[in-house]
Amino acid sequence: MPLVNGFDLIDIIQDRHVVAGAFNTTNLETTMGILRAVEKSGIPAFIQIAPTNIPVSGYGFIKDMVDRFAKEMDTPIALHLDHGKTFDSVRQAARAGFTSVMTDNAKYDYEENIQHTYEAVQFARGYGIPVEAELGAIAGKEDDDVTEGHNKTNPEQVVDFVERTGVDLLAVAVGNVHGLNLDPNIDFPLLKKIHAICPIPLVLHGASGIPDEQIAQMVDNGVVKINVASDLRRAFIQSAGKDYQEDPDRFDLVNVSLDAEKAIEDVVYHKIRVMNSNSPTAVR
């Protein structure tokens, strides 16, 4: 089926009481590995790309790649902009045909975050696509972006933030971290408190380092979207490195690429199963 609007995907996710994985791509091999795993699982998902990865592929090329594969799929998929830290990145993604976007203004103080988020939401309304925003600051390393320290989401700000920005999805900081070099420690009491008062669905970033048993609990705590990036990049690089170690003189790039694609597919499929292990909807 064609790419699904993010609003429609959220409705499907909530109706089925499942969690959508949101898997970061960079290139063709990563895209194919992700989408094959999603189709195999039968669980709707987001495929996403951050502006820091756009130099490899461009907004238009990524959209064309994903859209071409999606048309052959039975499982709904939405194309999402991850960590759009500038208004221009949100604008370029929407114009390229992305069906969901994130405006990330967590580096600003609270009032500035509201202002920039509101502007992105108003722009996205013209394209009819949902907007995700972040409240609090998630520590760790996201590509070349490093966030020192962890500023957990303040539940007293949640309702005000959502009402004043009009945002559709809220990424929360509850002990989750970006990258693989820090130890996450999910604050479930805080997550439950936010879930109880937040009028919109929640998003969890930094799932690569979170233990499987904690990921499995997200479906019952208002989380509809879980981001995974570092595990996929590591799988790609380790697969290529293994091929090189086995034969430093090899030059069959096709097989090296296919091995990396399969490695990503295996990781994504495992993550989808874990995310939905407590869901009544079984993974194929």
Side-chain angles (χ1 to χ4, degrees), residues 1-25 30-31 33-50 62-63 66-67 69-70 73-84 93 98-102 124 129-134 138 167-172 174 176 186 191 194-195 198 200-208 210 212 214-232 264-265 267-284:
M1 63 178 66
L3 280 172
V4 173
N5 183 286
F7 281 120
D8 294 332
L9 193 74
I10 294 167
D11 287 342
I12 295 169
I13 294 163
Q14 293 181 312
D15 287 345
R16 293 181 59 181
H17 192 60
V18 295
V19 174
F23 302 102
N24 284 64
T25 189
T30 310
T31 298
I34 292 169
L35 296 181
R36 289 188 197 283
V38 171
E39 180 71 340
K40 180 181 176 182
S41 74
I43 301 294
F46 291 85
I47 185 169
Q48 59 188 27
I49 187 167
I62 279 290
K63 191 269 180 181
V66 174
D67 194 33
F69 196 108
M73 295 174 62
D74 294 321
T75 307
I77 191 90
L79 176 59
H80 180 75
L81 173 70
D82 187 29
H83 287 288
F98 281 49
T99 60
S100 179
V101 294
M102 178 190 185
I129 57 176
V131 177
E132 172 188 337
E134 184 174 316
I138 301 169
V167 73
D168 307 295
L169 293 162
L170 186 67
V172 292
V174 291
N176 42 318
I186 300 300
L191 179 59
I194 294 171
H195 172 39
C198 187
I200 60 174
L202 304 179
V203 176
L204 189 78
H205 286 228
S208 288
I210 300 174
D212 288 353
Q214 293 187 16
I215 290 293
Q217 298 179 50
M218 297 302 164
V219 69
D220 295 319
N221 285 281
V223 175
V224 301
K225 176 177 178 282
I226 299 179
N227 289 17
V228 181
S230 298
D231 274 341
L232 309 189
I264 289 167
E265 179 183 342
V267 171
V268 171
Y269 186 70
H270 170 75
K271 290 291 184 181
I272 295 173
R273 287 180 61 89
V274 169
M275 290 174 193
N276 292 286
S277 57
N278 289 345
S279 170
T281 302
V283 177
R284 290 174 186 164

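Quick caveat, the model's predicted, so the values are computed rather than measured.
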For this session: Answer with yes or no whether the side chains of Asp220 and Asn278 bring together a donor and an acceptor at under 3.5 Å.
Result: no
Seminar exercise, completed: For residues 2-13, the salt bridge (Lys or Arg N to Asp or Glu O under 4.0 Å) pairs (sequence neighbours left out) are none
Problem set entry | Spacing of Asp74 atom CG and Met1 atom CE [to the nearest 0.5 Å] | 6.5 Å
Exercise. With sequence neighbours left out, what residues match Val274 under side-chain contact (heavy atoms from CB on, under 4.5 Å)?
Worked result: Asp212, Ile215, His270
Exercise. Side chain to side chain contact (heavy atoms under 4.5 Å, CB included) between Thr31 and Phe69: does it pass, once the steps are laid out?
Worked result: CA-CA 9 Å; Thr31 298; Phe69 196 108; 5.7 Å; no
For this session: To the nearest 0.5 Å, tell me how far Ile272 CD1 sits from Ile34 CD1.
Result: 9.5 Å
Exercise. Does Asn276 reach the main-chain N or O of Val19 with its side chain, forming a donor-acceptor pair under 3.5 Å?
Worked result: yes
Exercise. If you round to the nearest 0.5 Å, how far is CD1 of Ile12 from CZ of Phe7?
Worked result: 14.0 Å
Problem set entry | From CG (Asn24) to NE2 (His80), nearest 0.5 Å | 8.5 Å
Exercise. What is the distance from atom NZ of Lys225 to atom CD of Gln48, rounded to the nearest 0.5 Å?
Worked result: 4.0 Å
Exercise. Under 3.5 Å, side chain of Asn227 to main-chain N/O of Gly206, donor-acceptor pair present?
Worked result: no
Exercise. Asn221: what forms a side chain to side chain donor-acceptor pair (under 3.5 Å) with it, not counting sequence neighbours?
Worked result: Lys192
Exercise. Under the side chain to side chain contact (heavy atoms under 4.5 Å, CB included) criterion, do Asn5 and Ile129 qualify, and how do the steps go?
Worked result: CA-CA 6 Å; Asn5 183 286; Ile129 57 176; 3.9 Å; yes
Problem set entry | Residue pair Asp168, Ile200: steps toward the side chain to side chain contact (heavy atoms under 4.5 Å, CB included) verdict | CA-CA 6 Å; Asp168 307 295; Ile200 60 174; 5.7 Å; no
For this session: May I ask you to decide if Gly6's main-chain N or O and Ser100's side chain share a donor-acceptor pair within less than 3.5 Å?
Result: no
Exercise. Looking at residues at least two apart in the chain, or sitting in another chain, which of them share a side-chain contact (heavy atoms from CB on, under 4.5 Å) with Ala78?
Worked result: Leu9, Phe46, Thr99
For this session: Would you please name every residue forming a side-chain contact (heavy atoms from CB on, under 4.5 Å) with Ala93, sequence neighbours left out?
Result: Tyr59, Leu81, Phe98, Val101
Problem set entry | Those residues that, when tested against Arg36, pass salt bridge (charged side-chain N to carboxylate O under 4.0 Å, His left out) (two or more places apart) | Glu261
Problem set entry | Shortest non-hydrogen separation from Lys271 to Ser208 and the atoms involved | NZ-O, 3.8 Å
Problem set entry | Nearest non-hydrogen partners of Ile194 and Val172, listed with the distance | CG2-CG1, 4.1 Å
Problem set entry | Ile77/Leu3 under side chain to side chain contact (heavy atoms under 4.5 Å, CB included): CA gap, chis, key distance, verdict | CA-CA 6 Å; Ile77 191 90; Leu3 280 172; 3.8 Å; yes
Exercise. Just checking, any donor-acceptor pair under 3.5 angstrom between side chains of His205 and Glu134?
Worked result: no
For this session: Look only at the side chain of Ser279 and the backbone of His17, and say whether a donor-acceptor pair between them is shorter than 3.5 Å.
Result: yes
Problem set entry | Minimum heavy-atom distance between Thr75 and Pro44, given as atom pair plus value | CG2-N, 3.8 Å
Problem set entry | Qualifying salt bridge (Lys or Arg N to Asp or Glu O under 4.0 Å) pairs with a residue from residues 37-48, counting only residues at least two apart or across chains | none
Exercise. Any idea which heavy atoms bring Gly42 and Arg16 closest together, and the distance?
Worked result: O-NH1, 3.2 Å
Exercise. Taking all atoms of both residues into account, what is the closest heavy-atom pair of Asn176 and Val174, and its distance?
Worked result: OD1-N, 2.8 Å
Seminar exercise, completed: One should read off an interatomic distance between Met275 CE and Met218 CE, to the nearest 0.5 angstrom, of 10.0 Å
For this session: Mind listing the closest non-hydrogen atom pair of Ile62 and Leu79 along with its distance?
Result: CG2-CD1, 4.1 Å
For this session: Just jot down the side-chain contact (heavy atoms from CB on, under 4.5 Å) partners of Gln214, sequence neighbours excluded, or say none.
Result: Ile186, Phe188, Ile210, Pro211
